[in-house]
Amino acid sequence: MAKILFINPVVREEDVPRHIPYGIALLAAIAMKEGHLVQIYDANAHRLPLETIIEVCQADEWDAICIGGLTTTYNYIKKSCKLIKESAPNAQLIAGGGFLTSMPHEIFEWIPEIDVGCIGESFVTFPEVLKKIDNKDFNYSDVLGVIHRDLTGKSFLTNIRPNIKDLDTLPWPAWHLFPLDIYFANSSNLFSEESFTSKRRMDINGSFGCGLTCKYCWHLGTTGDMLVEENDNGENDVVFTYGRNIRYHSADYIVSMVKHLYEEYNIDFAAFIDENLMTMDVASKGTWLKELCKKWIEAGLQPTCRQQGIPHDENCKGVHWNGTSHAGLHRPETLKLMYEAGCTHLVYGLESFDPTVLRNLGKGSNARKNKQSIATCLASGIKPIPNIIIGFPEESFESVRNTIEALVELGITAKPHFATAYPGSEWYYAYKDSIMEQYDQDLEAYIMDLGDASKITATISHEFSPMQLLGLQQIVYLKDLRLLDLSEQHWAPVQEKLAPVIQPKMSFNLKTVKEAGPLAS
Amino acid sequence: MSDLLKGNFTTKKQVTKPNETKDSDTLESTFKKAALNSIGGSMVYVERTDLTWDGED
Ligand code: B12
């Protein structure tokens with residue numbers, strides 16, 4: 001058996017730690033099941049100086065040190081990998097997760113310390129890599145779904161690893177290896193009264209994949225959305241597509257897991273991190289959520305406030321929950337059941353209320369459905385949390401006006417996020433050249449700059465500059481149509497004479513076809 | 001027991017959390033965080049009572 005150390009990198013430094021990393025927690029459980037010796041250093045939870053990693057790496061003779069996270073953990077991971085290799089030179093450094101899968105060759109160039117990386121879903125790949133390390137065999141070229149190096153440091157991607165077929169074969173995440181007190185102390189959030197009063201919240205994941213093709217989104221190469229193909233130089237590279245292997249856990253798996261969390265950790269809130277509960281429900285022909293709610297109640301997880309029809313207060317028992325919904329796919333009868341079972345709020349990525357923007361976005365919603373969704377959701381008793389974005393490629397004064405008018409009509413106050421092309425997304429590939437131009441051809445500088453989309457990094461709006469977008473964000477927040485009119489009077493005549501500042505293009509790494517990666521039989 | 005590492009075996013060396021007050025605990029940094037929070041970030045609020053639109057257009 002191998003002695004392995006996981007490091008959970010710091011993410012969203014400006015906020016307190018709120019999420020146990022689900023992927024790492026699952027991989028740790030899988031590794032332990034295979035008989036390996038496992039330790040986790042949760043740097044995101046502890047928020048200590050970076051150099052603490054040295055001490056952690058010297059705490060034992062590790063066979064492997066494993067690190068990974070989403071793209072915005074890149075800065076931390078890059079700095080850590082240097083320290084890891086210096087302080088534990090004999091350990092194999094394994095990486096994985098979104099930061100790597102979205103751009104494997106670039107990451108291998110920028111972080112030369114990484115020995116091997118798991119690309120996309122790692123439930124099978126990761127234990128196979130560990131087995132090799134256990135046998136002191138560091139030639140990874142025959143493992144599917146990895147990126148590895150030759151002696152010169154050059155990177156190679158092996159062929160794609162099929163997704164596992166039955167999610168219910170997965171063990172539960174190794175929650176007990178994380179500093180739960182730190183996470184519980186940050187349970188409360190501002191989305192609903194019930195989540196605000198939560199003292200013991202935990203994340204759960206019920207499904208993988210989402211059938212929609214929103215251009216800003218990406219599916220981590222873990223949901224059938226990825227192929228590996230030879231590029232023009234004859235080298236394997238990742239290609240992201242509209243293909244999906246939609247998979248969900250059975251209601252029984254989810255409910256027994258939550259019941260365990262309730263009994264073992266006394267949780268009062270379960271946050272579904274699924275990409276979208278409603279697209280999954282559609283994939284199940286409308287049966288999944290209904291069954292889940294029924295079994296949630298049968299298992300005694302229904303909060304007492306919902307059971308008795310009384311207002312929620314601190315004496316409430318049971319487990320409240322939340323998730324992500326979709327304006328065109330939610331059904332009033334399902335929402336009603338969800339409310340009864342304890343659902344408190346649903347995030348709706350409405351993004352915009354402009355017909356042109358919505359048509360081009362690939363979300364499968366329109367302005368009418370977006371507006372209606374708020375009332376439909378509210379009618380069920382669940383609180384809708386709408387997300388708004390500005391700075392779309394086709395953003396115009398008119399599209400911003402459409403959004404503000406809808407916000408006024410619906411009584412929503414929102415400070416919009418800026419449209420951001422995160423690696424892996426369709427936007428990223430379409431606008432990569434423009435992004436490079438905005439960062440002096442330094443792609444790594446762009447990756448390092450990415451954080452929350454509440455600040456502007458690279459713009460992808462064809463017409464608006466950062467200065468205008470910052471102003472428009474404030475105008476949307478204030479819902480001030482007078483200021484919008486004034487701005488348009490000032491800018492529109494100028495804008496007519498200008499060439500678009502940004503233009504999209506095609507890319508090898510993106511295929512806008514429904515071609516899914518393989519699924520194990 | 002090392003309190004920074006959690007796992008299914010005991011490591012050769014213990015790694016404990018340093019006691020010194022973290023930078024984030026000083027008044028200056030707490031104030032900075034609060035001030036910055038009031039300026040930046042994203043937020044959203046739906047006024048339940050304000051909804052007069054009945055869902056048909
Ligand atoms: C929870 C979550 C967060 C949490 C952080 C969670 C954490 N501790 O890592 C928070 C709330 C902080 C967050 C923030 C953001 N997020 Co987020 N988030 C998610 C979410 C909902 C779940 C992640 C998850 O646990 N998935 C389930 C697990 C099983 O998958 P996984 O972690 O990827 O792990 C698998 C593999 O990737 C791999 N793996 C992962 N880690 C490792 C490590 C090693 C060593 C190995 C070998 C393998 C490996 O193995 C696992 C099993 O297959 C996903 C969407 C989703 N449903 O996946 C988005 C997602 C990851 N987020 C995304 C984005 C864009 C953001 C934001 C930028 C959003 C925004 N506009 O602000 C911010 C970033 C803020 C910041 N300043 O950093 C994108 C990723 C984009 C990218 N290129 O990386 C996703 C995919 C959403 C999307 N579809 O667009 N997020």
Side-chain angles (χ1 to χ4, degrees), chain A residues 3-6 14-16 28 31-32 36-43 46-49 52 55-56 58-62 174 176-179 190-191 367-368 371-379 383-388 406 409-418 452-455 477, chain B:
Chain A
K3 206 176 255 188
I4 65 176
L5 167 68
F6 281 97
E14 63 282 9
D15 192 11
V16 292
M32 289 191 289
H36 298 292
L37 295 174
V38 175
Q39 294 279 337
I40 297 181
Y41 169 52
D42 190 342
H46 292 297
R47 302 282 170 102
L48 294 165
T52 312
E55 222 184 310
V56 167
Q58 291 171 346
D60 216 315
E61 274 140 37
W62 307 106
H176 61 290
L177 300 191
F178 291 84
L190 290 171
F191 294 127
R368 188 185 56 80
K371 283 188 194 169
Q372 184 139 18
S373 70
I374 299 293
T376 304
C377 183
L378 281 174
K383 205 173 166 68
I385 307 295
N387 193 30
I388 304 294
E409 192 178 328
L410 297 168
I412 298 172
T413 301
K415 195 166 189 185
H417 285 106
F418 292 109
D452 267 342
S454 51
K455 72 163 194 179
Y477 174 57
Chain B
M1 249 208 50
S2 44
D3 61 2
L4 281 187
L5 282 175
K6 275 173 168 263
N8 61 353
F9 72 105
T10 311
T11 52
K12 289 188 178 148
K13 286 187 219 152
Q14 313 287 289
V15 194
T16 47
K17 211 168 188 162
N19 293 330
E20 101 260 16
T21 358
K22 277 200 293 163
D23 165 54
S24 60
D25 292 332
T26 64
L27 178 61
E28 190 190 350
S29 63
T30 315
F31 174 72
K32 183 177 168 188
K33 215 168 157 186
L36 285 175
N37 275 347
S38 73
I39 307 167
S42 63
M43 60 78 61
V44 66
Y45 184 69
V46 183
E47 289 172 54
R48 251 181 249 222
T49 48
D50 218 13
L51 191 73
T52 47
W53 182 75
D54 66 3
E56 301 300 322
D57 50 7

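Letters A, B, ... mirror the listed sequences (proteins, then strands); counts begin at 1.
- Here A:D452 pairs with A:R12 under the side chain to side chain donor-acceptor pair (under 3.5 Å) rule; sequence neighbours left out.
- A distance-only check finds no donor-acceptor pair linking the side chain of B:N8 to the backbone of A:L37 [under 3.5 Å].
- A:D60 meets the salt bridge (charged side-chain N to carboxylate O under 4.0 Å, His left out) test with A:K3, B:K12; sequence neighbours excluded.
- Scanning all heavy atoms of the two residues, the minimum distance from A:Q39 to B:T10 falls at NE2-N, 4.4 Å.
- B:V15 approaches A:E55 most closely through the heavy-atom pair CG1-OE2, 3.6 Å.
- The shortest non-hydrogen separation linking A:H46 to B:K17 is ND1-NZ, 3.1 Å.
- Side-chain atoms of B:K13 come within 3.5 Å of backbone N or O of A:Q58 as a donor-acceptor pair.
- With rounding to the nearest 0.5 angstrom, the CG atom of A:D42 is 10.0 Å from the CG atom of B:L4.
- Nearest heavy atom pair, residue A:W62 against residue B:L5, reads CZ2-CD1, 4.3 Å.
- Proximity to chain B (any heavy atom under 4.5 Å) is shown, for A:F6, by neither the backbone nor the side chain.
- In this structure, the portion of A:T52 lying under 4.5 Å from any heavy atom of chain B is its side chain and not its backbone.
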